[in-house]
Amino acid sequence: MSTQESIGVFDSGYGGLTILKEIVRRLPDYDYIYLGDNARAPYGSRSFEVVYEYTREAVHKLFEKGCRLVILACNTASAKALRSIQQEDLPRWDPTRRVLGVIRPSIEALENYSLNGHVGILATRGTVASESYPLEVEKLYGKEKFHITQLACPMWVPLVENNELDGEGAVYFVQKYMQELWKTDPRIDTIVLGCTHYPLLRPLIERFVPAGVKIIGQGQIVADSLADYLQRHREMDACLSKEGGRTYLTSEKTELFDRMAELFLGEKITSQRIFMC
Ligand code: DGL
């Protein structure tokens, strides 16, 4: 396969595979290169500077591999690095390439879900501290339309990364954060899984969510948004190769990545090691 004009999908670890899975389902013909920076995950509690530096390096690697378009399939990276990469790095590297995130499409979708405007955002500490969700909501809809409650769930990524999806520990930490969320705003009618790892905990999350509350995962939303982007940007679409190729890169051991990726994707894959600085 030609990797010259692939779509790159990046996450700190495995979480972005939940996004890749839906993108591939929606747009199966394109070539994809997934990069998981597993050696340096999690990013969720790292500083702005470090997340920016790591993400910038990952995007650069994906460009070197021939990606023309990169999706930051990570809320933390989208919150802390996307704007700087778009505004400062891309114009210097190559203004014809593109980097897109997952936060904006999730916010655009909000009005299709919430009826009363009370929305809970579950995310990493880094994403919550960046205030990206409330700020983007205000930019898009103004101050009045939505009442946003953010909650950091720092124990959830380690649970997912360690495949602890339904044991006692997982039940405890899912129930704990959900109770906290409803204590803060009992009127919430929609929650956003604002971290790409969280969809794996969804069956458990659903057990602690009151009936009628909608849960938004980002995979399908990002996939639809990418399809729409490629429709609107025919010049980009024309550059992308469509041979159905899939390449998986990890900065950690490939054996572990392959085992975990099977859990996220529901199929066997073979990854390659990539060395980050
Ligand atoms: N998957 C990343 C996100 O969506 C978080 C994982 C991490 O903390 O590295 O925010």
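Every number for a ligand or one of its atoms is a count from 1 in the order of the listing. For the single chain, residues carry numbers from 1 onward in sequence order.
- For ligand 1, the atoms closer than 4.0 angstrom to any heavy atom of D11 are 1 (N), 2 (C).
- Checked against V59 for a side chain to side chain contact (heavy atoms under 4.5 Å, CB included), the options L82, L35, V70 give a single hit: V70.
- If you number the atoms of ligand 1 from 1 as listed, the ones under 4.0 Å from a heavy atom of T76 come out as 3 (C), 5 (C), 10 (O).
- The protein heavy-atom contact nearest to atom 2 (C) of ligand 1 is C74 SG, 3.4 Å.
- For ligand 1, the polar-atom distance check finds no N/O of T127 at less than 3.5 Å from any of the ligand's N/O atoms.
- Atom 5 (C) of ligand 1 has C195 SG, 3.5 Å as its closest protein atom, hydrogens excluded (heavy atom only).
- Atom CZ of R202 has more than 12 neighbouring heavy atoms from other residues, nucleotides or ligands inside a 6.0 Å radius.
- Scanning the protein for heavy atoms near atom 3 (C) of ligand 1, the closest one is N75 N, 3.3 Å.
- Distances below 4.0 Å separate heavy atoms of G44 from the following atoms of ligand 1: 7 (C), 8 (O), 9 (O).
- At a 4.0 Å heavy-atom cut-off, ligand 1 does not touch V102 at all.
- Set against the non-hydrogen atoms of S12, the atoms of ligand 1 under 4.0 Å away are 6 (C), 7 (C), 9 (O).
- For an aromatic pair to be called close, the ring centres must be under 6.0 Å apart, and F257 with Y14 satisfies this.
- Using cut-offs of 30° and 60° on the angle between ring planes, the pair Y229 and H233 is parallel.
- The existence of a salt bridge linking R26 and D224 is confirmed by a sub-4.0 Å separation between a basic side-chain nitrogen and an acidic carboxylate oxygen.
- In terms of polar-atom proximity, defined here as any N/O pair under 3.5 Å, T124 makes no such contact with ligand 1.
- Note: F63 and W93 have perpendicular aromatic rings, judged against thresholds of 30 and 60 degrees for the angle between ring planes.
- The aromatic rings of W156 and Y198 stand perpendicular to each other, their planes meeting at an angle above 60°, with 30° marking the opposite boundary.
- With distances taken over non-hydrogen atoms, the option nearest atom 9 (O) of ligand 1 out of Y14, Y43, Y54 is Y43.
- The shortest non-hydrogen separation linking S78 to G101 is OG-CA, 3.6 Å.
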